[in-house]
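So that the names make sense, note that chain A is the first sequence line, chain B the second, and so on, each numbered from 1.
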Amino acid sequence: MVLSNNDGCIIARSDEAKALGFAMGDPYHLTQEKLTLHGVQVFSSNDALYGDMSRRVMETLRAFTPDVEIYSIDEAFLNLAGFERWGLTDYARLIRATVRRDTGIPVSIGIGPTKNLAKIANHLAKADPESGGVYKLAGAEVYEALARIEIREVWGVGPRWATWLEAQGIVTALDVKRADPKAIRRKMTVVGERWVHELNGRPCRPLELGAPPRQGITVSRSFGQTLTALDPIKEALVSFVGRAGEKLRRQGFMAGQDLVFVTTNRFSSTQPFYANSTSVRLQYHTDFTPDLLEAAAHLLETLCRPGFHYPTCGVMLLELSPVTRVQADLFDTRDRSREAWLMRALDSLNTVYGARTVRVGNHGGKRPTWAMRQAFRSPRYTTNWRELPVVR
DNA sequence: TCTGGGGTCCTAGGACCC
DNA sequence: TCTGGGGTCCTAGGACCC
């Protein structure tokens with residue numbers, strides 16, 4: 001099984017772990033006895049490795065059609081219109097075998113006329129060992145297949161809507177297909193209406209080629225231990241803002257708004273839950289870390305109430321604007337080009353010599369008090385020279 | 001009995017995704 | 001002692017514009 005950041009929750013399970021009854025989101029610290037009993041292997045999350053392997057898989061997919069939408073770290077939608085003469089199922093098997101050969105990653109592929117139907121087909125491909133990892137949803141089979149799918153398993157329906165739908169007698173995906181779109185819309189808005197249409201083979205979710213412009217960049221972490229004093233929290237925030245600035249520049253944006261949030265432990269029985277955020281509109285759009293930092297540090301001071309214990313804080317950069325489209329300010333007297341050079345130097349050094357070699361801020365080299373727990377991390381095989389796999 | 005018609009922007013809250 | 005982190009979309013209501 002794989003744990004969330006800070007070794008908090010269970011977020012991924014092998015089939016064997018699922019069979020033993022471990023659930024998505026179970027707190028790790030409450031399951032330890034059972035883990036030991038069954039000899040379950042546990043890994044801390046390893047974003048560097050997963051992100052790099054994801055990139056390799058996506059690149060492999062692009063060789064098969066130009067129309068690839070990267071939907072998440074482990075999912076993509078491919079437009080296979082025009083490939084029918086190859087036989088879509090055969091073509092999908094070729095894609096699957098190639099991804100396996102070139103990256104070592106096993107994937108399953110669902111084929112359907114809409115995204116929602118393709119997701120269901122994929123679900124069936126995973127569930128049915130006979131399918132060989134590929135399932136095409138077509139013809140009269142659709143009815144039988146949809147009748148086997150409970151709405152709780154369907155993409156786009158969370159626990160709230162599922163409970164409501166079940167109360168209406170809508171229990172399977174087939175019930176949804178037959179439901180009145182307008183009636184669904186009254187409860188589930190246009191999102192639900194589109195869902196009904198999609199299950200009927202009428203596409204409402206176009207393929208998103210080219211990433212849509214980002215709305216915001218967030219960096220937040222739970223600390224390895226609960227913090228009370230302002231200084232170590234600020235130290236953590238300095239580091240988060242530094243990371244947020246890197247993301248911002250890498251993606252070619254400047255931010256117009258800086259938001260900081262803190263929360264206390266919402267599961268605590270000994271102290272009240274306190275969560276708050278505050279934001280400030282920056283004088284100029286900027287990607288200059290010291291500016292982002294100054295604003296964030298000031299915001300933090302107004303947020304943290306004394307006496308509370310904080311396990312989490314974070315920063316969000318909002319009102320993103322592409323660097324090339326930022327409006328200059330007539331009364332801005334600072335030399336922005338020198339600041340840009342400084343950030344470029346910082347980012348290059350960190351690229352060449354490793355993340356956080358050069359940092360803005362004043363925290364030392366020692367392992368900080370807020371460092372994330374990651375007790376069982378696998379090696380970063382493909383992104384760190386010191387952790388390369390050894391063949392012999 | 002009767003008070004226009006066409007918009008935008010912002011925020012909070014609620015739902016969802018992996 | 002310990003319960004993740006990163007996102008998106010939609011709606012209603014209130015305020016404003018000419």
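- DNA chain C is contacted by R185(A), T189(A), V190(A), V191(A), R194(A) of residues 168-199 of chain A, taking any non-hydrogen atom closer than 4.0 Å.
- Against DNA chain B, the stretch residues 57-80 of chain A makes heavy-atom approaches under 4.0 Å through Y71(A), S72(A), D74(A), E75(A).
- A cation-pi arrangement is found for K177(A) relative to Y143(A), the charged atom lying closer than 6.0 Å to the ring centre and inside a 45° cone about the ring normal.
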| request: Take I217(A) and M316(A) through the side-chain contact (heavy atoms from CB on, under 4.5 Å) test and state the conclusion after the steps. | output: CA-CA 6 Å; I217(A) 287 174; M316(A) 294 174 77; over 6 Å; no
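- Relative to the ring axis of W341(A), R344(A) places its NZ or CZ within 45° and under 6.0 Å from the centre.
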Taking N or O atoms only and anything under 3.5 Å, show me the protein contacts with nucleotides 6-8 of chain C, one pair per line.
from	atom 1	to	atom 2	distance (Å)
dG6(C)	OP1	S220(A)	N	3.2
dG6(C)	OP1	R221(A)	NH1	2.9
dG6(C)	OP2	S220(A)	N	2.4
dG6(C)	OP2	S220(A)	O	3.0
dG6(C)	OP2	S220(A)	OG	2.7
dG6(C)	O5'	T218(A)	O	3.2
dG7(C)	OP1	G216(A)	O	3.4
dG7(C)	OP1	T218(A)	N	3.4
dG7(C)	OP2	T218(A)	N	2.8
dG7(C)	OP2	T218(A)	OG1	2.8
dT8(C)	OP1	Q215(A)	N	3.2

| request: Walk me through it: do Y91(A) and W86(A) pass the test ring-ring contact (aromatic ring centres under 6.0 Å, His included)? | output: CA-CA 6 Å; Y91(A) 197 56; W86(A) 297 72; 5.6 Å; yes
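- Look at CZ on F223(A): it is 13 Å from P on dC2(C), rounded to the nearest Å.
- Taking the six-membered ring wherever Trp is involved, the centroid distance between the rings of F77(A) and Y71(A) falls below 6.0 Å.
- With 3.5 Å as the limit, one finds no donor-acceptor pair spanning the side chains of D26(A) and T31(A).
- Shown for residues 152-162 of chain A: residues whose heavy atoms fall under 4.0 angstrom of DNA chain B, namely V154(A), W155(A), G156(A), V157(A), G158(A), P159(A), R160(A), W161(A).
- Expressed to the nearest 0.5 Å, how far CG of L146(A) lies from CD of E141(A) amounts to 10.5 Å.
- Between S44(A) and N46(A), the side chains place no donor N or O within less than 3.5 Å of an acceptor N or O (distance only, hydrogens not considered).
- In this entry the distance linking CZ of F22(A) with C1' of dT3(C) reads 16 Å, nearest Å.
- With DNA chain C read from its 5' end, the first of the two nearest nucleotides for M372(A) and G224(A) is the one closest to G224(A).
- Atoms CE (M1(A)) and C1' (dG4(C)) sit 15 Å apart, rounded to a whole Å.
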| task | Would you sketch DNA chain B in dot-bracket for me? Only Watson-Crick or G-U wobble pairs with both distances under 3.5 Å count, crossing pairs as [ ], other-strand pairs as |, the rest as dots. | result | ....||||||||||||||
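- For W370(A) and Y310(A), the distance between ring centers is not under 6.0 angstrom.
- Side-chain contact annotation: S321(A) with H285(A), donor-acceptor N/O pair under 3.5 Å absent.
- Within residues 27-55 of chain A, the residues having any heavy atom under 4.0 Å from DNA chain C are, by residue number, P27(A), H29(A).
- A cation-pi contact, defined as under 6.0 Å to the ring centre and within 45° of the axis, links R205(A) to W155(A).
- For the pair N5(A) CG and dC18(B) P, the computed distance is 18 Å after rounding to whole Å.
- Rounding to whole angstrom units, NZ of residue K119(A) and P of dC17(B) are separated by 9 Å.
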